[in-house]
Amino acid sequence: TVILDAKTFIEVVKNGSDNIRLILDDACVIFTFGKSKYKIPTLKGKLNKIEDKKDFLAVELDVQWLNYKIGCVSQCLAKDDMVPALQNIYIYDNMLVATDSIFGAVSKFKDIKKLNGNILNKMSIGLLAAIPETKITAGFMNGVFVGHGENSKFQISSDGSEYPMDKIVGVVDAISSVPKYDVNITFSPIEIEQAIGRLCYFVDKDSP
């Protein structure tokens with residue numbers, strides 16, 4: 001077993017444009033691709049085996065669609081640590097709920113109804129965005145988010161499954177009671193997102 005610093009490993013691999021060749025020894029790992037070569041020291045320690053939790057509540061999930069739904073609500077998570085906020089995405093009935101001290105967002109996702117009362121924290125959200133699977137089986141057991149795909153397994157502490165239900169209900173009720181305006185527009189959020197992305201490419205980040 002070879003243990004590497006995850007952040008360093010990811011930075012090296014994501015910058016590789018060719019097939020990567022690994023050379024391993026007791027003290028380091030050497031990555032070569034193209035004309036580039038990196039040497040990363042290994043870490044001392046023992047890798048804990050991921051437990052096979054057979055008795056947790058398992059739900060089949062479409063990862064791509066779940067990540068899209070997470071993206072719809074995650075804009076409301078507070079970016080400023082000084083803002084009193086709920087820093088996670090909450091599963092409430094058949095919805096994903098995100099809120100900070102000012103804004104809130106709700107996105108319906110029927111496949112997660114069985115996971116009601118649990119939390120997707122920042123680490124879980126990041127893992128779901130990176131996992132190379134299209135379908136996974138996942139669930140929560142004793143505050144741990146557990147899942148597997150065809151070629152991968154994971155388990156992440158979800159900081160417990162208790163959260164302020166009264167605050168979540170308030171956000172859901174407030175958004176549900178937003179009045180319908182006279183002008184209603186139907187559009188594709190994916191196309192809007194792509195259009196905004198093209199516009200933002202031309203925005204000067206260094207100017208007001």
Side-chain angles (χ1 to χ4, degrees), residues 6-7 10 14 50-51 53 55-149 152-178 187-194 196-197 200:
K7 188 173 182 180
I10 291 168
K14 78 178 185 180
I50 293 181
E51 297 179 32
K53 297 181 182 292
D55 52 347
F56 71 100
L57 177 61
V59 179
E60 299 289 332
L61 296 172
D62 181 322
V63 181
Q64 185 176 9
W65 188 237
L66 177 59
N67 282 326
Y68 171 71
K69 289 291 188 177
I70 287 173
C72 290
V73 299
S74 63
Q75 301 302 318
C76 289
L77 297 180
K79 307 298 188 294
D80 183 355
D81 291 338
M82 299 301 292
V83 177
L86 303 173
Q87 291 284 347
N88 309 293
I89 289 178
Y90 303 86
I91 301 172
Y92 176 70
D93 196 18
N94 64 339
M95 291 175 281
L96 295 174
V97 182
T99 180
D100 63 15
S101 59
I102 302 173
F103 300 104
V106 169
S107 186
K108 290 187 177 181
F109 189 52
K110 63 181 181 179
D111 294 342
I112 60 169
K113 191 166 186 176
K114 290 182 180 179
L115 303 180
N116 180 33
N118 288 285
I119 290 171
L120 291 176
N121 62 8
K122 289 184 176 180
M123 191 175 293
S124 300
I125 295 165
L127 180 142
L128 289 168
I131 194 168
E133 307 277 2
T134 55
K135 302 282 185 180
I136 60 170
T137 301
F140 289 86
M141 180 179 180
N142 300 326
V144 180
F145 182 43
V146 186
H148 64 83
S152 60
K153 288 184 178 181
F154 62 84
Q155 61 182 35
I156 298 173
S157 171
S158 64
D159 302 329
S161 58
E162 295 297 322
Y163 61 77
M165 180 69 79
D166 55 328
K167 292 185 179 181
I168 299 300
V169 172
V171 173
V172 174
D173 290 344
I175 294 176
S176 300
S177 64
V178 171
F187 61 89
S188 165
I190 295 176
E191 290 180 2
I192 292 291
E193 181 183 14
Q194 291 171 345
I196 290 173
C200 290

Determine, stepwise, if the pair Ile91 / Leu96 fulfils side chain to side chain contact (heavy atoms under 4.5 Å, CB included). CA-CA 5 Å; Ile91 301 172; Leu96 295 174; 4.1 Å; yes
Please evaluate residues Val146 and Phe140 with respect to the criterion side chain to side chain contact (heavy atoms under 4.5 Å, CB included), reporting the C-alpha separation (whole Å), side-chain torsions for both, the decisive distance (0.1 Å), and the verdict. CA-CA 6 Å; Val146 186; Phe140 289 86; over 6 Å; no
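Put simply, CG on Asn116 and OH on Tyr92 are 7.5 Å apart, with the number rounded to the nearest 0.5 Å. Residue Leu127 holds its CG atom at 11.0 Å from CD1 of Ile125, rounded to the nearest 0.5 Å.
Closest approach of Ile136 to Phe154, counting heavy atoms only: CD1-CZ, 4.1 Å. Annotation for Ser74 and Ile89: closest pair CB-CD1, 4.3 Å, computed over non-hydrogen atoms. Shortest non-hydrogen contact noted between Asn88 and Lys122 is OD1-N, 4.3 Å. In this structure, Ala105 and Cys76 approach most closely via the heavy-atom pair CB-SG, 3.6 Å.
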Side-chain atoms of residues 63-73: list all donor-acceptor pairs with protein atoms under 3.5 Å, sequence neighbours left out, distances to 0.1 Å.
from  : atom 1 : to     : atom 2 : distance (Å)
Asn67 : ND2    : Val63  : O      : 3.3
Asn67 : ND2    : Leu128 : O      : 2.8
Lys69 : NZ     : Lys108 : O      : 3.1

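In this structure, the side chain to side chain donor-acceptor pair (under 3.5 Å) partners of Thr137, at least two apart in sequence or on a different chain, are Glu60. Partners of Phe56 under the ring pair (Phe, Tyr, Trp, His ring centres under 6.0 Å) rule, at least two apart in sequence or in another chain, do not exist in this structure. Shown here are the salt bridge (charged side-chain N to carboxylate O under 4.0 Å, His left out) partners of Lys114, two or more places apart in sequence or in another chain: there are none. Scored by the side chain to side chain contact (heavy atoms under 4.5 Å, CB included) test, Ser152 finds Ile131, Glu133 as partners (sequence neighbours excluded).
Sorted by first then second residue, the salt bridge (charged side-chain N to carboxylate O under 4.0 Å, His left out) pairs that include residues 168-177, not counting sequence neighbours, number zero.
Among Ile119, Ile156, Asn118, the one residue that satisfies the side chain to side chain contact (heavy atoms under 4.5 Å, CB included) test with Ser124 is Ile156. When each of Asn94, Val59, Leu61 is paired with Ile112, the side chain to side chain contact (heavy atoms under 4.5 Å, CB included) condition holds for Leu61 and for no other.
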